[in-house]
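Quick notes on the structure that follows.
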Amino acid sequence: MELLKQSIRQRGIALSEQVLKVDAFLNHQIDPLLMQAIGREFAARFREDGITKIVTIEASGIAPAVMTGLELGVPVIFARKHQSLTLTDNLLVASVYSFTKQVESTIAISTTHLSAHDRVLIIDDFLANGKAAKGLISIIQQAGASIAGLGIVIEKSFQQGRAELEEMGFRIESLARVISLKDGQITFLD
Ligand code: 5GP
């Protein structure tokens, strides 16, 4: 997606060979027009797949997920990372190792919002080693719902996530595929 790659080139910062900072438009300050375009792109790619729910993980997945939900006309559920007094229903949980925080945490979705009738599109801001995605997959499968695929805003193709998820049989649609962050240079696959 050219507009996204342009934003990454102009406003992204390679913090190291592993980590890309996109706080200017995705992870802290959010560019609504770009998010709208991202939502339209994901919606176009999954429009024929019978999606009934979108599932993401807080916090940075929420903006692209909501814009996609708006385009597809379906609700968006975000897995919560912290205990909440209001999240008292039966919970579906998974343990996820955070790439950026380097800690293991529990993520949860209430059983109220997902059922075996749902066909789910998973959306997230980044795909690195696939831990967040696998946690979401586990939760969705616990609910008995089916998974149409994953929509990823920025895939770091030099890490293991895509290969492992494809091995598990999942369809992955990434809007920008970064193959290298060496020497502060951001290089895309195509
Ligand atoms: P994974 O679980 O695939 O290893 O990592 C994906 C999660 O870690 C995403 O939800 C994202 O929040 C975070 N993440 C992974 N790599 C990066 C990165 O290079 N930059 C930022 N800002 N977040 C990342």
Side-chain angles (χ1 to χ4, degrees), residues 1-2 4-5 7-9 12-22 26-27 38-39 41-51 53-65 68 77-79 81 92-107 109 118-143 145-190:
M1 183 183 167
E2 204 41 55
L4 172 63
K5 287 197 278 187
S7 301
I8 297 170
R9 273 191 213 101
I13 299 166
L15 281 187
S16 67
E17 290 190 3
Q18 304 285 319
V19 180
L20 176 62
K21 180 170 170 160
V22 286
L26 180 58
N27 289 146
I38 285 170
E41 183 64 33
F42 281 138
R45 294 188 191 201
F46 286 96
R47 201 174 293 285
E48 307 305 324
D49 291 276
I51 308 297
K53 294 270 168 80
I54 291 173
V55 168
T56 188
I57 183 166
E58 67 175 350
S60 301
I62 295 175
T68 309
I77 308 164
F78 62 95
K81 289 178 181 163
L92 304 164
V93 298
S95 185
V96 170
Y97 182 79
S98 164
F99 178 81
T100 43
K101 301 195 179 72
Q102 308 210 324
V103 291
E104 193 87 20
S105 67
T106 301
I107 61 168
I109 288 179
D118 282 315
R119 182 141 180 87
V120 176
L121 168 60
I122 296 171
I123 298 280
D124 204 4
D125 60 338
F126 273 92
L127 177 61
N129 293 312
K131 307 284 188 202
K134 284 183 188 171
L136 293 175
I137 288 167
S138 163
I139 284 179
I140 294 160
Q141 289 178 338
Q142 289 170 51
S146 66
I147 298 169
L150 293 93
I152 301 294
V153 180
I154 305 173
E155 172 189 316
K156 289 183 295 175
S157 306
F158 53 87
Q159 290 170 308
Q160 292 309 306
R162 172 181 277 268
E164 290 185 12
L165 293 164
E166 278 183 340
E167 181 94 344
M168 292 165 72
F170 293 106
R171 171 181 166 200
I172 303 163
E173 293 285 344
S174 303
L175 303 189
R177 298 182 69 183
V178 174
I179 49 162
S180 169
L181 294 172
K182 290 204 171 98
D183 304 321
Q185 287 288 113
I186 303 166
T187 312
F188 295 100
L189 182 65
D190 41 33

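Residue indices begin at 1 and follow the sequence shown. Not measured: the values here are computed from a predicted model.
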- Item | Minimum-distance pair of heavy atoms, taken over all atoms of A65 and T56 | CB-CG2, 3.6 Å
- Query: Heavy-atom distance under 4.5 Å between the side chains of I77 and K53, does that happen here?
  - Reply: yes
- Query: Should the pair K131 and Y97 be classed as cation-pi, given the thresholds of under 6.0 Å to the six-membered ring centre and 45° from the axis?
  - Reply: no
- With Q18, which residues qualify under side chain to side chain contact (heavy atoms under 4.5 Å, CB included), at least two apart? S16, F99, F158, Q159
- Item | Contacts of D125 that satisfy salt bridge (Lys or Arg N to Asp or Glu O under 4.0 Å) - sequence neighbours left out | none
- Query: In chain order, what residues pass the salt bridge (Lys or Arg N to Asp or Glu O under 4.0 Å) check against R177, with sequence neighbours excluded?
  - Reply: E155
- Query: Does any non-hydrogen side-chain atom of L127 lie less than 4.5 Å from one of K156?
  - Reply: no
- Message: Apply side chain to side chain contact (heavy atoms under 4.5 Å, CB included) to residues V22 and I154 and explain how you reach the verdict.
- Response: CA-CA 10 Å; V22 286; I154 305 173; 4.0 Å; yes
- Note on the structure: So CD1 of I109 and CD1 of I140: to nearest 0.5 Å the spacing works out to 6.5 Å
- Of all the heavy-atom pairs spanning I172 and E166, show the shortest one and how long it is. CD1-CG, 3.9 Å
- Message: As an exercise, state the distance from CG of L150 to CD1 of I122, rounded to the nearest 0.5 Å.
- Response: 4.5 Å
- Task: For atom CD of E2, decide whether the heavy atoms of other residues, nucleotides or ligands shown that lie under 6.0 angstrom number more than 12.
- Result: yes
- Message: Distance check, rounded to the nearest 0.5 Å: N27 atom CG versus F126 atom CZ?
- Response: 5.5 Å
- Note on the structure: Heavy-atom closest pair (A59 atom, K81 atom, distance to 0.1 Å) is N-NZ, 4.2 Å
- Rounded distance (nearest 0.5 Å) linking atom NZ of K5 with atom CG of L175: 10.5 Å
- Go through the steps to decide whether V93 and I139 satisfy the test side chain to side chain contact (heavy atoms under 4.5 Å, CB included), and finish with yes or no. CA-CA 6 Å; V93 298; I139 284 179; 5.6 Å; no
- Within-4.5 Å side-chain heavy-atom neighbours: I57 and I107: yes
- Item | Step-by-step side chain to side chain contact (heavy atoms under 4.5 Å, CB included) determination, V178 to I186 | CA-CA 7 Å; V178 174; I186 303 166; 4.3 Å; yes
- Message: As a quick check of understanding, evaluate side chain to side chain contact (heavy atoms under 4.5 Å, CB included) for I51 and V120, giving each step before the final call.
- Response: CA-CA 6 Å; I51 308 297; V120 176; over 6 Å; no
- Non-hydrogen side-chain atoms of T68 and L121 separated by less than 4.5 Å: yes
Side chains of residues 41-50: which donor-acceptor partners sit under 3.5 Å, not counting sequence neighbours?
{"from": "E41", "atom 1": "OE2", "to": "R45", "atom 2": "NE", "distance (Å)": "2.8"}
{"from": "E41", "atom 1": "OE2", "to": "R45", "atom 2": "NH2", "distance (Å)": "3.2"}
{"from": "R45", "atom 1": "NH1", "to": "E173", "atom 2": "OE1", "distance (Å)": "2.9"}
{"from": "D49", "atom 1": "OD1", "to": "R171", "atom 2": "NH1", "distance (Å)": "3.4"}
{"from": "D49", "atom 1": "OD2", "to": "R171", "atom 2": "NH1", "distance (Å)": "3.2"}

- Query: Is any side-chain heavy atom of F188 less than 4.5 Å from a side-chain heavy atom of I179?
  - Reply: no
- From S60 atom OG to I123 atom CD1, the distance as rounded to the nearest 0.5 Å: 14.0 Å
- Query: Is the closest side-chain heavy-atom distance between S180 and Q185 below 4.5 Å?
  - Reply: no
- If you draw a 6.0 Å radius around NZ in K21, do more than 12 non-hydrogen atoms from other residues or ligands fall strictly inside? no
- Message: Suppose we screen for side chain to side chain donor-acceptor pair (under 3.5 Å). Which residues come up paired with Q160, at least two apart in sequence or across chains?
- Response: none
- Task: Mind checking salt bridge (Lys or Arg N to Asp or Glu O under 4.0 Å) for K134 and listing every partner two or more places apart, or none if nothing turns up?
- Result: E164
- Item | Minimum-distance pair of heavy atoms, taken over all atoms of A176 and I8 | CB-CD1, 3.8 Å
- Note on the structure: Between S138 and A94 the two heavy atoms that sit nearest each other are OG-CB, 4.1 Å
- Note on the structure: CD (Q141) and OG (S146) are apart, to the nearest 0.5 Å, by 10.0 Å
- Query: Do you know the tightest heavy-atom contact between E104 and S95?
  - Reply: OE2-OG, 2.8 Å
- Just wondering, do I137 and L165 contact through their side chains at under 4.5 Å, heavy atoms? yes
- Can you tell me if S98 and Q102 form a side-chain donor-acceptor pair at under 3.5 Å? no
- Query: Within a strict 4.5 Å, meaning less than it, do heavy atoms of the D124 and V153 side chains meet?
  - Reply: no
